[in-house]
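Each chain gets a letter, A, B and so on, in the order the sequences are listed, and its residues count up from 1.
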Amino acid sequence: MESFLEHLNKEQHAATVQSEGPVMVIAGAGAGKTRVLTYRVAYLLSKGVDPFNILALTFTNKAAREMKERVINLIGDAEGRNVWMGTFHSIFAKILRIDGHLLGYPSNYSIYDSDDSKRLVRLIIKEMDLDNKLYSPNYVSHRISAAKSNLVSPVEYANDPDILSADESARKPLIKDIYKSYNERLKRADAMDFDDLLFNTFLLFSQFGETLYKYQQKFRYILVDEYQDTNHAQYLIIKKLAANSENICVVGDDAQSIYAFRGANIGNMLNFKNDYPDYKLFKLEQNYRSTKIIVEAANQVITYNKDQIKKTVWTDNDRGASIGLIRARSDNDEGDLVANAIFEKKMNNQLPNYAFAILYRTNAQSRSMEEALRKLNIPYRIYGGLSFYSRKEIKDLLAYFRLTINHNDEDAVQRTINTPARGIGKTTMEKLSVAAHEHNTTLWEVLNNPLSFQVQLNTGTRTKISAFTTLIKSFAAEVQKKDAFEAAKHIANASGLLRMYREEDTPEGINRVENMEELLNAIKEFTEKGAEQNAGDLQGQGSLEEFMQNVSLLTDTDNDKEEDRDKVTLMTIHAAKGLEFPYVFIVGLEENLFPSIQAINTRADLEEERRLFYVALTRAEKMLTLSYAESRFRWGQFTLTEPSRFLDEIDEQLIDKPRKAATQKAGGKRAESQSPGSNYRSLKTKSHTAGKGGTNHSTFEASDPAALQTGMEVEHSKFGKGKIIALEGQGPNKKATVFFNGIGNKNLLLRFAKLRIV
DNA sequence: GAAGCACTACTTTTT
DNA sequence: GTAGTGCTTC
């Protein structure tokens, strides 16, 4: 029975078979963290532990799915399927479906993703008549989310002197009111946001001892992956669940903690020994993933951080190739050089596309990479960015599903009622929502009977509204009768959404129809597999309701399709955590980009940024290439950039001489996205703006940049008159800082910005 | 009430 | 460069 344990090294083995009591595993990158978790689950099962008694919490759905597959393979028994294995959010969502009624939630509650939740915040800010520049929905959402992650309720928020004074000095004292009203609205819509899934689980376990006891009895064995990235709420929930059995195993690496910005607390790792004084600690330090050079570079970088748990990551692997360094002239140039390097490597060594990954700090950087890869016909797949599930047409369709299942979902009403246009406009909706608010009831109630809530509407509008509610009710009936796919198809057609986009008859419209069909396909797949893939033991018939229970928690990474297998991977470093690739390119290593400009002011932020770099470095198995550009198109402007400080933190002996921007001839001529054939679609819109700063103003005559002096009065075609504050750089890189009246300082690259001396 | 156009803010990272 | 918002016109 223990045969599979032979695959483990001594430490891994020890950590795996220590199945009882509190255990912490600190593992360096590539040291087999996931392996230990997987084998622990398999080991428990092989010892006869009931799979229903095991809870394994991961960070992504993908990690959970893969672990489940591997466990089943290891023990050769499908019983492994019954382990509760999933993300914190999905497992807690499931618990709340079952027991959330104790807190007053129906089991068909809606889950609002960050988009939906931000929409609601924005709406409230507007209703409260606040300035949405001061009270930016982003900022307010972030504050609310941070409060929830720390289990601070609206009441506690409003009574916490520290929080209040922080908000006051940010001149946003009303956030406490927004928070309060936001939560009331969510509750009234029978909806929870991501943070509520944690917060409410915590409340459930705190207020209902019997329920807590039920789950303590159920989850005799608890395993937590990526423990360094848990927040306070997650920490306390786990602690409660484990309080009885104390069979808890957490696995993590403080050096890979990269989610402090959303409330993750490395302190949870340090606290473990206080909570469980007789815990066993295992350290996995042998890296099996990367070459010596890569491990060495990563170790060097991380020593620049002060806060860290001491450990020595080492490897027995080959020394490997030195780290490549690419210096590009611009972001587009960087794309070309990286794509060429991939092309060369691939051809010389006969490698598949999937051996390569390009990692970046921000999603916006993918564009230049995409264009370059497309030029060379290298297939690629982008993860993240504008995710499939956040596209408008997908949100629209999902909103219909949500409303069908949960009529109280106000956001879903707002999204669907006039898409496609039904002649129910803003004014009408305002009246209805005011009435709902005044009578303290749901929008749906009012829609069903506007007269009894004294809403003044003409008969025509009333007919339109009742047609809409009848439609939604008919959908609800369909959902009862049909499986998820049939019901979804019916809704897509009968709602008129599909027709609306089809009739647009534009490339975008066609694309949107295709996307909706893709969603329907996903639902079909779900229906065919029944609820089996549904990360748990909910045995169902594959109804639309079941599909919707998980969909808001899905991300792009969760859609692995056959045809996507042999492609170069493009993703942010955050998304790459936990993954590995033979050949890795880390691009955009520039000051203010990586490290990000918003992360260079405090040590804590900078260290998180450095850990992010550490994560990036350690994704590589065989070869690593770093790159940076000397200028970059950002905020619709060219900016000059400097190489990242992180580059200096790697011993230069490990790095190859920079591969120069060797783009042959054609000195400064930029290929400027004129790739033939690739983008007919955007051509129409692009041709207007293509003449960046030049052609639009053919009458505007610029002065020779060389003639400009500090202090001169100049005029810009767009910004008007201003005064040169400073000049720097030489020749084509000459840059001016100009103060424009009523606009402020602008940094202009004189190669592009046309200035005329007044 | 709907469609079209111009303006603005945004880009850190995600369940 | 983009998406969302708000203004204007029909």
Visitor: Between A:Gln365 and A:Thr362, does any side-chain donor sit less than 3.5 Å from a side-chain acceptor?
Guide: yes
Visitor: Report which part of the nucleic acid A:Phe88 touches: base, sugar-phosphate, or nothing (heavy-atom distance under 4.0 Å, all strands).
Guide: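 Nothing, no nucleic acid heavy atom in range.
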Visitor: Shorter than 3.5 Å, N or O on both sides, protein versus nucleotides 1-5 of chain B: list them out with atom names.
Guide:
unit_1 : atom_1 : unit_2   : atom_2 : d
B:dG1  : OP1    : A:Thr428 : OG1    : 2.6
B:dG1  : OP2    : A:Thr427 : N      : 3.4
B:dG1  : OP2    : A:Thr427 : OG1    : 2.5
B:dA2  : OP1    : A:Gly423 : N      : 3.1
B:dA2  : OP2    : A:Asn418 : ND2    : 3.1

Visitor: State whether A:Phe468 and A:Arg422 meet the cation-pi test: NZ (Lys) or CZ (Arg) under 6.0 Å from the six-membered ring centroid, and within 45° of the perpendicular axis.
Guide: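 No, A:Arg422 does not sit over the ring of A:Phe468.
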Visitor: Do any N or O atoms of the protein come closer than 3.5 Å to N or O atoms of nucleotides 6-9 of chain B, and which pairs are they?
Guide:
unit_1 : atom_1 : unit_2   : atom_2 : d
B:dA9  : OP1    : A:Lys133 : NZ     : 3.3

Visitor: Taking any heavy-atom pair under 4.0 Å as a contact, classify A:Asn138: base, sugar-phosphate, or nothing.
Guide: sugar-phosphate
Visitor: Which whole-number value in Å describes the distance from A:His142 NE2 to B:dT15 C1'?
Guide: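 So the two atoms are 14 Å apart, to the nearest Å.
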Visitor: State whether a side-chain donor-acceptor pair under 3.5 Å links A:Ser117 with A:Tyr182.
Guide: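 A:Tyr182 and A:Ser117 do have a side-chain donor-acceptor pair below 3.5 Å.
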Visitor: Return the nearest nucleotide to the side chain of A:Asn363; candidates are B:dT15, C:dG1, B:dT14.
Guide: B:dT14
Visitor: How about A:Asn268 and A:Thr230: does a side-chain donor come under 3.5 Å of a side-chain acceptor?
Guide: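 On atom types as modelled, these side chains qualify, holding a pair under 3.5 Å.
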Visitor: Find the distance A:Asp195:CG to B:dT15:P and express it as a whole number of Å.
Guide: 13 Å
Visitor: Does a sphere of radius 6.0 Å around CZ in A:Arg462 hold more than 12 heavy atoms from other residues, nucleotides or ligands, not counting ones at 6.0 Å or beyond?
Guide: yes
Visitor: Select one nucleotide: of B:dT13, C:dT2, B:dT15, the one nearest the side-chain heavy atoms of A:Thr362.
Guide: B:dT13
Visitor: Taking atom types as modelled, find out whether A:Asp254 and A:Gln228 have a side-chain donor-acceptor pair closer than 3.5 angstrom.
Guide: no
Visitor: Starting the side chain at C-beta, find the nucleotide from B:dT13, B:dT15, C:dG4 nearest to A:Phe261.
Guide: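 Selected nucleotide (nearest to the side chain): B:dT13.
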Visitor: Consider only side-chain N and O atoms of A:Asp409 and A:Tyr112, and report whether a donor and an acceptor are under 3.5 Å apart.
Guide: yes
Visitor: Mind calculating the distance between CZ (A:Arg119) and P (C:dG4) to the nearest angstrom?
Guide: 9 Å
Visitor: When the distance from CG of A:Asp396 to C1' of C:dG4 is rounded to whole Å, what number comes out?
Guide: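 In whole Å, C:dG4 C1' lies 14 Å from A:Asp396 CG.
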Visitor: Do side-chain atoms of A:Asn418 reach the backbone of A:Ala421 as a donor and acceptor pair under 3.5 angstrom?
Guide: no
Visitor: Taking atom types as modelled, find out whether A:Ser141 and A:Asn138 have a side-chain donor-acceptor pair closer than 3.5 angstrom.
Guide: no
Visitor: Calculate the interatomic distance between A:Tyr139 atom OH and B:dT11 atom P; express it in whole Å.
Guide: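 After rounding, the gap between these two atoms is 15 Å.
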Visitor: Counting heavy atoms from C-beta on, name the nucleotide in C:dG1, B:dT11, B:dT14 closest to the side chain of A:Gln598.
Guide: B:dT11
Visitor: Using whole Å, report how far CD of A:Gln549 lies from P of B:dT15.
Guide: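 It is 20 Å, rounded to the nearest whole Å.
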Visitor: Check whether any side-chain N or O of A:Arg391 sits under 4.0 Å from OP1 or OP2 of C:dA3, and answer yes or no.
Guide: no
Visitor: Taking only the side-chain heavy atoms of A:Arg122 (C-beta and beyond), determine which of C:dT2, C:dG4, B:dT15 contains the nearest atom.
Guide: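 Looking only at side-chain atoms, A:Arg122 lies closest to C:dG4.
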Visitor: Taking only the side-chain heavy atoms of A:Thr572 (C-beta and beyond), determine which of B:dT14, B:dT11, C:dG4 contains the nearest atom.
Guide: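 Given the options B:dT14, B:dT11, C:dG4, the side chain of A:Thr572 is closest to B:dT14.
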Visitor: Taking A:Ser644 for the side chain and A:Phe594 for the main chain, is one N or O donor matched with an acceptor at less than 3.5 Å?
Guide: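 A pair under 3.5 Å: yes.
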Visitor: Could you give the distance separating B:dT11 and C:dG6 at their C1' atoms, to the nearest angstrom?
Guide: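 Those two atoms are separated by 23 Å.
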Visitor: Starting at atom NZ of A:Lys118, determine the distance to atom P of B:dT15, rounded to an integer number of angstrom.
Guide: 14 Å
Visitor: Stacking between B:dT14 and A:Tyr259, yes or no? Criterion: centroid separation under 5.5 angstrom, plane angle under 30 degrees.
Guide: no
Visitor: For A:Ser136 and A:Phe59, take the nucleotide of DNA chain B holding the closest heavy atom to each; which residue's nucleotide lies nearer the 5' end?
Guide: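 The residue closer to the strand's 5' end, by nearest nucleotide, is A:Ser136.
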Visitor: Which whole-number value in Å describes the distance from A:Ile125 CD1 to C:dT5 P?
Guide: 12 Å
